[in-house]
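Just below is one structure, and these are the notes that go with it.
Counting from 1, the numbers follow the sequence of the chain as shown. All heavy atoms count here, side chains included; hydrogens, waters and symmetry mates do not.
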Amino acid sequence: MLPAEEIQLDSNISLGKSGWHKRLDHKLQALEGQFKQLDFTKDNLTQKFEHHSKMLASQAAQDELWTAVLALNFTSMELNIVYSYVIEVLICLHTHVLEKLPDLVSGLPTLASVLRRKVKNKCIRDVWESVLEECGLQEGDITALRTFFIAHGNKAEHYSAKVRQMYIRDVTFMITNMVKNQALQGSLLRAVQLIEKGKAVTASEEQKSSLKELIPTVKN
């Protein structure tokens, strides 16, 4: 083979290798893009699955809570006593929020209004969280107490502290023995503890007249 032909052949081989490398690079880039898209899709599906799982778990917990509240086997007197602690705590929370937000008193006439507006209002949300922390309560406790109020508020009667002591000396023992659902039991016990420590305010006659407006939401 002549030198010129050898040079041309080497050049063609070199060009062929260069073209092959370019095609390989394009394929690798395409595969990399596909893998990135798959990773994005996987992450998106994972997030959706986790969100859906949380929603299902939350719904299951809510259903379990409702079942526990409706299954309570209290006598009329026992129900009134527990209800009294629950409603006093709800009034206590509402009152404490208003004390910290005096400029918003007219816009927060009920506890329900606080719970609605705190979702979009950071100031109200921060105060609400502060009040819960001061009272030793969590959002789960409020859910349980609201559920109890909604379920039994239309048939229960508020008893004063003196009347409660006349009927039952140890309400904590009663709740521990009669309420089997641990979440509900814990929330009711914390409500009793809060009242017994004197952190709750006494409901006025005017407050009592508007108790039914505190939590207007009903379960479907």
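- Residue pairs meeting the salt bridge (Lys or Arg N to Asp or Glu O under 4.0 Å) criterion with at least one member in residues 68-87, sequence neighbours excluded, do not occur.
- The shortest distance between side-chain heavy atoms of C92 and T95 does not fall below 4.5 Å.
- Side-chain contact between F149 and V89 is absent, with no heavy atoms from C-beta onward closer than 4.5 Å.
- Between F74 and F148, the shortest heavy-atom distance links the atoms CE1-CE1, 4.4 Å.
- Between L104 atom CG and L98 atom CG the span is 9.0 Å, to the nearest 0.5 Å.
- Between V114 and I124, the shortest heavy-atom contact is O-CG2, 4.0 Å.
- L79 is listed as a side-chain neighbour of K155, based on a closest heavy-atom distance under 4.5 Å.
- Partners of E129 under the side chain to side chain contact (heavy atoms under 4.5 Å, CB included) rule, at least two apart in sequence or in another chain, are R125, D126.
- K122 places no side-chain N or O within 3.5 Å of a backbone atom of V119 that could act as its donor or acceptor partner.
- Residues that satisfy the ring-ring contact (aromatic ring centres under 6.0 Å, His included) test with Y159, not counting sequence neighbours, are Y167.
- Sorted by first and then second residue, the ring-ring contact (aromatic ring centres under 6.0 Å, His included) pairs with a member in residues 105-124 form an empty list; sequence neighbours excluded.
- The two residues H94 and L108 come nearest to each other via the heavy atoms NE2-O, 2.9 Å.
- Scanning all heavy atoms of the two residues, the minimum distance from N181 to A68 falls at CB-CB, 3.4 Å.
- Residues Q62 and Q59 are in side-chain contact: their nearest non-hydrogen atoms beyond the backbone lie under 4.5 Å apart.
- Residues L111 and V97 have side chains not in contact (no heavy-atom distance under 4.5 Å, counting atoms from C-beta outward).
- Residues L72 and M178 form no side-chain contact, since every pair of their non-hydrogen atoms from C-beta on lies 4.5 Å or further apart.
- Residues passing the side chain to side chain contact (heavy atoms under 4.5 Å, CB included) test with S76 are N80, sequence neighbours excluded.
- V179 has its side chain out of reach of V82: every pair of non-hydrogen atoms, C-beta onward, lies at least 4.5 Å apart.
- Considering only residues two or more places apart in sequence or on other chains, K100 meets the salt bridge (charged side-chain N to carboxylate O under 4.0 Å, His left out) condition with E134.
- For the side chain to side chain donor-acceptor pair (under 3.5 Å) test, no residue two or more places apart in sequence or in another chain qualifies with Q138.
- Atom NZ of residue K118 and atom OG of residue S113 lie 12.0 Å apart, to the nearest 0.5 angstrom.
- The salt bridge (charged side-chain N to carboxylate O under 4.0 Å, His left out) check on K120 picks up nothing, with sequence neighbours excluded.
- Side-chain atoms of R164 never come within 3.5 Å of backbone atoms of Y85 as a donor-acceptor pair (strictly under, hydrogens ignored).
- Atom CD of residue Q165 and atom CZ of residue R169 lie 6.5 Å apart, to the nearest 0.5 angstrom.
- For T143, the side chain to side chain contact (heavy atoms under 4.5 Å, CB included) criterion is met by L65, T147, not counting sequence neighbours.
- T172 meets the side chain to side chain contact (heavy atoms under 4.5 Å, CB included) test with D170, T176, L189, V192; sequence neighbours excluded.
- Taking every heavy atom of both residues into account, I87 and H158 meet most closely at CG2-CD2, 3.5 Å.
- With a 4.5 Å cut-off on side-chain heavy atoms, W128 and L115 count as touching.
- For the atom pair CD1 (I81) and CD (E157), the distance works out to 11.0 Å, reported to the nearest 0.5 Å.
- Applying the salt bridge (Lys or Arg N to Asp or Glu O under 4.0 Å) test to every pair with at least one member in residues 184-193, sequence neighbours left out, gives these pairs: D141-R190.
- Contact detail for G140 and S187: the closest heavy-atom pair is O-OG, 4.0 Å.
- Considering CG of L93 and SG of C135, their distance stands at 5.0 Å, rounded to 0.5 Å.
- If you take CG on N177 and CE on M174, they are separated by 10.0 Å, rounding to the nearest 0.5 Å.
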